[in-house]
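Have a look at this one before I ask anything.
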Number of protein chains: 2
Amino acid sequence: MIAEEAAVLFGVLSNADRLSVIRALVEVGPDGMSAGDIARQIGASPSRASFHLNALSEAGFLTKERQSRSQNYRIDFNKIGQLITFLMDDCCKGNAELRNCCSMRAG
Amino acid sequence: MIAEEAAVLFGVLSNADRLSVIRALVEVGPDGMSAGDIARQIGASPSRASFHLNALSEAGFLTKERQSRSQNYRIDFNKIGQLITFLMDDCCKGNAELRNCCSMRAG
DNA sequence: TACATATTTCAAGAATCATTGAAATGAAAG
DNA sequence: CTTTCATTTCAATGATTCTTGAAATATGTA
């Protein structure tokens, strides 16, 4: 991943509402959650939630699928993994101190 | 780390100039680099570089120390480590797919 | 078709962030 | 103490992002 792309992804994560969305979708697991339920859970209006859900799924952190009247959003761990890899390998060249912080603890 | 704090740190990383600074300081190693050399290396004016260096060191990604007429900046891996931990553990609850992406490869 | 539910889109305004170049500050040398 | 070098600060401007509420779209039901 190039730095410019990583910068955009970090920008998407630089918002507490959006981190709350990610957290909520991680907790609910693979079934995912509707836009409305997400909005209620993070305490945001429908349009505000939609704005942030759009940013997250455009960036590839979420997938969405229509289910009847609702949109069902699910977490996709891939982009987060790519970002962590960027930080560790590209940005910090595999620095040992950094590898220790996230390796196999409680595995 | 709480989500609001992580959001601020992601905001600091959401800029290509600042990622270039981090990269340059990782490459130069523990000796660090002066503000002027950093500015030249990333292709930014002194005031622009100073603006970004300030954001990075305020956030804790860098340390600085005056050396004669120059300011010497060094990378501090700690905050990046905390951020990765936030992503892995707090945000994503230690998801296995995510742990694999950054554990012990090429260690 | 009419109506209700779920979500997105849009425009306006507020807030935040980045860039520029000039001026100010700090530190060393003549 | 003046000059030079290195960096930061500042004000102005431009650009981007966020929020709000209303309107529009999409889907399902009577």
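The chains referred to below are lettered A, B, ... by the order of the sequence lines, with proteins before strands, and numbering in each begins at 1.
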Subject >> Residues forming a side chain to side chain donor-acceptor pair (under 3.5 Å) with B:Glu5, sequence neighbours excluded >> reply: none
Original post:
When you match A:Ser68 and A:Ala55 each to their closest nucleotide on DNA chain D, which lands nearer the 5' end?
Top reply: A:Ala55
Below 3.5 Å between N/O atoms, which protein atoms pair up with nucleotides 7-16 of chain D? Just atom names and distances, please.
| unit_1 | atom_1 | unit_2 | atom_2 | d |
| --- | --- | --- | --- | --- |
| D:dT7 | OP1 | B:Ala35 | N | 3.1 |
| D:dT7 | OP1 | B:Gly36 | N | 3.3 |
| D:dT7 | OP2 | B:Gly36 | N | 2.7 |
| D:dT8 | OP1 | B:Tyr73 | OH | 2.5 |
| D:dT8 | OP2 | B:Ser50 | OG | 3.0 |
| D:dT8 | O5' | B:Ser50 | OG | 3.3 |

**OP:** Report the distance from atom CD of A:Gln67 to atom C1' of D:dA26, rounded to the nearest whole Å.
**Re:** 15 Å
Original post:
What is the distance, rounded to the nearest whole Å, between atom CG of A:Asn15 and atom C1' of C:dC17?
Top reply: 14 Å
**OP:** Compare all side-chain heavy atoms of A:Gln82 with those of A:Thr85 and state whether any distance is below 4.5 angstrom.
**Re:** no
Original post:
Given atom CG of A:Leu56 and atom C1' of C:dT8, what is their separation to the nearest angstrom?
Top reply: 16 Å
Original post:
Between A:Ala16 and B:Glu4, what is the shortest heavy-atom contact and its length?
Top reply: CB-OE1, 3.5 Å
Original post:
Does B:Ile80 reach the side chain of B:Ile84, with side-chain heavy atoms less than 4.5 Å apart?
Top reply: yes
Subject >> A:Glu97 CD: over 12 foreign heavy atoms closer than 6.0 Å >> reply: yes
**OP:** Output the residues of residues 4-14 of chain A in contact with DNA chain C, where contact means a heavy atom of the residue under 4.0 Å from an atom of the strand; sort by number or write none.
**Re:** none
Original post:
C:dT8 C1' sits how many Å from A:His52 NE2, rounded?
Top reply: 14 Å
Original post:
Do the side chains of B:Phe61 and B:Leu9 get nearer than 4.5 Å, heavy atoms only?
Top reply: yes
**OP:** Please name the pair of heavy atoms, one in A:Phe10 and one in B:Leu13, separated by the smallest distance, quoted to 0.1 Å.
**Re:** CD1-O, 3.5 Å
Original post:
Checking side chain to side chain contact (heavy atoms under 4.5 Å, CB included) against B:Ile75, which of B:Leu56, B:Val26, B:Val28 comes through?
Top reply: B:Val26
